[in-house]
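The structure appears below as structure tokens.
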Amino acid sequence: MMRRPSCLPALALALALLGPARAPAQAPSAPALSAAQEQRADKLAHGLRCLVCQNQTLAESNAPLAHDMRALIRGQLAEGRTDAQIMRFFEDRYGDFVRYDPPFKPVTWLLWLGPFALLALGFTVLLRTLRRRSGPRAPLTADERERAARFLDTGP
């Protein structure tokens, strides 16, 4: 009877070389803030978009990135930065897309003005269509009158 070689010694050696298992590093907890700073942090979190979810604010999202971004906000508030400085930090890092209310500048003009331009275009097309319909119609030709008469005479 032949015995198979055991894998246990190799496994024990691998575990010894890797060392003890460690828990994954966690993001540092944000410092304690005053009530006014907490309100500012909440306002900022509601004004920034979660980059993972994209249709939720940082305040609404449970994504790990949103948690990290909220911790960054709290950390910067604890350092004494203004709301504008914090928003600028996130804009510099992630672009204007991170804001729920993107600024009005040439890059975002289409975003701001596009819906109004489409509405004006649709209204113009509607007016032209209504004008064409309300205009006088050309009288029927003799051939068209004859076809209509045949159609009406042969009815069911």
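Leu110 CG: 12 or fewer foreign heavy atoms inside a 6.0 Å radius. For Asn55, the CG atom is densely surrounded, since the number of other residues' heavy atoms within 6.0 Å is greater than 12.
A distance of 12.0 Å separates CZ of Arg81 from CZ of Arg40, quoted to the nearest 0.5 Å. To the nearest 0.5 Å, atom CZ of residue Phe123 and atom CG of residue Leu126 are 7.0 Å apart. For the atom pair CG of Asp96 and CZ of Phe104, the computed distance is 13.0 Å after rounding to the nearest 0.5 Å. How far CG of Asp83 is from CG of Leu44: 4.5 Å, rounded to the nearest 0.5 Å. In this structure, CG in Leu118 is found 11.0 Å from CG in Leu113, a value given to the nearest 0.5 Å. Remark: Ile86 CD1 to Arg74 CZ distance equals 11.5 Å, nearest 0.5 Å.
Between Leu48 and Ile73 the shortest side-chain heavy-atom distance falls below 4.5 Å. Thr57 places none of its side-chain heavy atoms less than 4.5 Å from the side chain of Arg49. Between Leu51 and Met69 the shortest side-chain heavy-atom distance falls below 4.5 Å.
With Thr129 as the partner, the side chain to side chain contact (heavy atoms under 4.5 Å, CB included) test is satisfied by one option alone out of Arg133, Arg131, Arg132: Arg133.
Counting all heavy atoms, side chain and backbone alike, Cys50 lies closest to Leu58 at CA-CD2, 3.9 Å. For the pair Ser61 and Arg70, the tightest heavy-atom approach, listed with the atom from each and the gap, is O-NH1, 2.9 Å.
Of the charged side-chain nitrogens involved, none lies within less than 4.0 Å of a carboxylate oxygen, so that Glu144 and Arg147 do not count as a salt-bridged pair.
The backbone N or O of Thr82 lies less than 3.5 Å from a partner atom in the side chain of Gln85, making a donor-acceptor pair.
Cluster membership check: Trp112 does not share its hydrophobic cluster with Met87, using side-chain heavy-atom separations under 4.5 Å among Ile, Leu, Val, Met, Phe, Trp and Tyr.
Under a cutoff of 6.0 Å and an axis angle of 45°, Arg99 and Phe90 do not form a cation-pi pair.
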